[in-house]
Amino acid sequence: MAAETPSPTLIQPDLEFVRTLKRSGADTVKKCYQCATCTVTCKLSPDRQPFPRKEMIWAQWGLKDRLLTDPDVWLCEQCNDCSTQCPRGARPGDVLAAVRAQAVQRYAWPTWLGRLVAQPKYFAVLAAVPLLLGLLFSMPPGEKGDFDLLFLKHTGGRFAPFEDFLSHGVLYGVFIPLSVFIVAAVVTGVKRYWSAMSVETGARNANPLCASVLAAFWEVLTHQQLRKCESNKQRYLAHALIFYGFVGLLITTAMVVVGLYAFGWELPWNLDHPVRGFFKILGNVSGLALTAGCVLMVLQRLRGGDDVGKNTYFDWVFLLILGGVGLTGLLVQLTRIVTYGALPYIVYGVHLALVFFLLAYFPHSKFAHLIYHIAAKVHSKVYDRYDERAPSPATTAGAQ
Ligand code: SF4
Ligand code: SF4
C-alpha cells in the first residue's frame with residue numbers, strides 16, 4: 001500500500017505582529033536558530049509539547065493567534081534561565097514577556113483601554129484621572145480644607161483623623177464603582193482568554209475545576225514554580241516580598257472595613273487592642289515588604305543582564321506605581337507621627353491617587369499577569385497539560 005502524502009501546512013505569518021513584538025521587547029527573536037537549549041534549560045517546561053522553543057518559532061513566523069492562545073506563555077515565570085543559556089542571545093524569556101503583554105491587550109476589557117495602557121504616549125492621559133482625584137483628596141471643600149486649621153488641630157494635641165479631612169463617603173463614591181468595574185473587566189478578560197485557550201488547544205475536560213483552582217492557587221501562594229528557577233534567585237526574593245506584602249495589605253484593608261462597620265472601630269488603630277494592634281502591625285510589615293520588594297526589583301532592572309531581562313514601559317509603569325503605593329502608604333503614617341500641618345494629608349491624597357491608578361488599570365497593565373497566570377495554571381490542570389498519557393493538543397502549525 002502506498003504511503004499517504006502528508007497534507008502541507010499553510011503558514012500565514014503576521015509580519016506586523018512580529019514588528020509589534022520586537023517593539024515590545026522581543027527585538028532578539030530573529031536570532032533564534034531552534035537549538036532547543038532553552039527548552040532543555042527551563043525547569044517548568046513539561047515533556048509533552050515543551051516550551052519556549054516552539055513559541056520562538058511561532059514568534060518568528062508571526063503566528064499571532066497561536067501565540068496569544070497558548071497557555072504555556074503564561075506558565076512561564078519570567079525567570080530568564082533560558083535567556084542566560086541561549087547560545088544565540090535570542091532571549092526567549094523576553095520574547096515570552098512581549099507575547100504576554102500583547103495577550104493582555106487582546107483579552108482586556110474594554111479593549112481600547114488596554115491599548116491606552118500599553119503605550120507610553122497615553123501615560124499623561126491615564127495619569128490625569130488619578131491626578132485630579134489626588135487633588136480632590138488633598139483639597140477638601142470648606143473649612144476642613146484649611147491647612148492652618150489642620151495644623152492647629154495637630155498642635156492642639158490631637159491628630160485630626162483623615163476622615164475629618166476626607167470623608168469615607170467620598171472614598172466609597174470613588175472606589176466602590178471602581179471595584180465593580182475591575183470585577184467586570186477581570187471576569188470578561190478571563191472568560192475571553194479561557195475560551196480562546198480551549199478552542200486553540202482542542203482541550204478535553206479531564207479534572208474537576210474546583211480541585212484545579214485550589215491547586216493553582218496553592219502553586220501561586222507558595223511560589224513553588226518560581227522557586228525552581230536558578231539564574232536569578234534575587235528575583236524570587238523580590239517577587240515573594242511584593243506578593244506577600246500585597247496580600248497582607250489586602251487582608252489589612254478588608255479588616256479595616258470590617259472593623260469600621262461591624263465593630264465601630266474608628267481609625268487610626270493603636271497597638272493597645274489585640275486585634276486592632278495585630279492588623280496595624282500586619283499592615284506595616286506588609287507595606288515594608290511590598291516597598292522593599294519593589295526597590296529590589298528596580299535595582300535589579302537597573303543592573304540589567306540576561307537574567308533580568310529587557311526593561312520595557314509595560315514593566316516600569318506597573319513596578320513604579322506599585323512601589324509608590326507601598327512607599328506612600330508608609331509615609332502616611334510616618335509623616336503623621338513626625339511632622340506637623342498638612343503634609344500627612346497631602347501624602348494621603350497622593351497615596352490614594354496611586355492606589356486608584358494601580359487598581360483602575362489593573363486588568364490592562366502588567367498587574368493583569370496575576371489573573372492570566374492563574375487562569376493558565378487552572379487550564380493546564382483541568383485539561384491535563386502535564387499528564388503524559390493525555391493526547392497532544394491539536395496544533396495549527398508544524399512547530400512543537
Ligand atoms: S531561543 Fe536560543 S536556546 Fe532557544 S531554540 Fe532559539 S537559539 Fe536555541
Ligand atoms: S523564562 Fe524561565 S520559566 Fe520562562 S521559559 Fe524561560 S526558563 Fe522557562
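Whatever order the structure lists ligands and atoms in, that order sets their numbers, starting from 1.
- A 6.0 Å sphere centred on CH2 of W218 holds no more than 12 heavy atoms belonging to other residues, nucleotides or ligands.
- One of the N, O or S atoms belonging to C76 lies under 2.8 Å away from atom 4 (Fe) of ligand 2.
- The closest protein non-hydrogen atom to atom 2 (Fe) of ligand 2 is C79 SG, 2.3 Å.
- Closest to atom 6 (Fe) of ligand 1, if we only count protein heavy atoms, is C32 SG, 2.4 Å.
- Counting the atoms of ligand 1 from 1 in the order shown, those under 4.0 Å from a heavy atom of P87 are 3 (S).
- At a heavy-atom cutoff of 4.0 Å, ligand 2 is contacted by no atom of K43, backbone or side chain.
- In this structure, atom 7 (S) of ligand 2 lies nearest to the protein heavy atom C82 N, 3.4 Å.
- Partner T37 forms a side chain to side chain contact (heavy atoms under 4.5 Å, CB included) with one of Q85, R88, R53 and no other, that one being Q85.
- F263 places none of its side-chain heavy atoms less than 4.5 Å from the side chain of V275.
- Interface atoms of ligand 1 facing M56, defined by a heavy-atom separation under 4.0 Å, are 1 (S).
- The residues K381 and E219 are annotated as salt-bridged, a charged nitrogen and a carboxylate oxygen being separated by less than 4.0 angstrom.
- Below 4.0 Å from some heavy atom of C38 lie the following atoms of ligand 1, by number and element: 1 (S), 3 (S), 4 (Fe), 5 (S).
- Classified by interplanar angle (parallel below 30°, tilted 30° to 60°, perpendicular above 60°), the ring pair Y193/W74 is perpendicular.
- Classified by interplanar angle (parallel below 30°, tilted 30° to 60°, perpendicular above 60°), the ring pair W194/H379 is perpendicular.
- Counting the atoms of ligand 2 from 1 in the order shown, those under 4.0 Å from a heavy atom of E77 are 3 (S), 4 (Fe).
- Listed by number with element, the atoms of ligand 1 under 4.0 Å from a non-hydrogen atom of A36 are 5 (S), 8 (Fe).
- Between H373 and H369, the ring planes are tilted. Angles from 30° to 60° get that label.
- In this structure, P52 is part of the shell of residues with a heavy atom less than 4.0 angstrom from ligand 2.
- F246 and F367 have their aromatic ring centers within a separation under 6.0 angstrom.
- Against a heavy-atom cut-off of under 4.0 Å, Y33 is close to the following atoms of ligand 1: 6 (Fe), 7 (S).
- Listed by number with element, the atoms of ligand 1 under 4.0 Å from a non-hydrogen atom of C86 are 1 (S), 2 (Fe), 3 (S), 7 (S).
- Counting heavy atoms from C-beta outward, V190 and Y107 have side chains that stay 4.5 Å or more apart.
- Salt bridge annotation for R235-D307: absent, with no cationic side-chain nitrogen under 4.0 angstrom from a carboxylate oxygen.
- Atom 1 (S) of ligand 2 has N80 N, 3.2 Å as its closest protein atom, hydrogens excluded (heavy atom only).
- No salt bridge links D27 with R19; every basic N to acidic carboxylate O contact stays at or beyond 4.0 Å.
- Atoms of ligand 1 lying under 4.0 Å from at least one heavy atom of T37, given by number and element, are 3 (S).
- Side-chain contact between T312 and D94 is absent, with no heavy atoms from C-beta onward closer than 4.5 Å.
- Shortest contact from atom 8 (Fe) of ligand 2 to any protein heavy atom: C42 SG, 2.3 Å.
- With ligand atoms numbered from 1 in the order given, ligand 1 contributes 3 (S), 5 (S), 7 (S), 8 (Fe) to contacts under 4.0 Å with heavy atoms of C35.
- Counting heavy atoms closer than 4.0 Å to ligand 1, residue Q34 contributes backbone atoms (N, CA, C, O) but none from C-beta onward.
- Close approach to L44 involves these atoms of ligand 2, each under 4.0 Å from a residue heavy atom: 3 (S).
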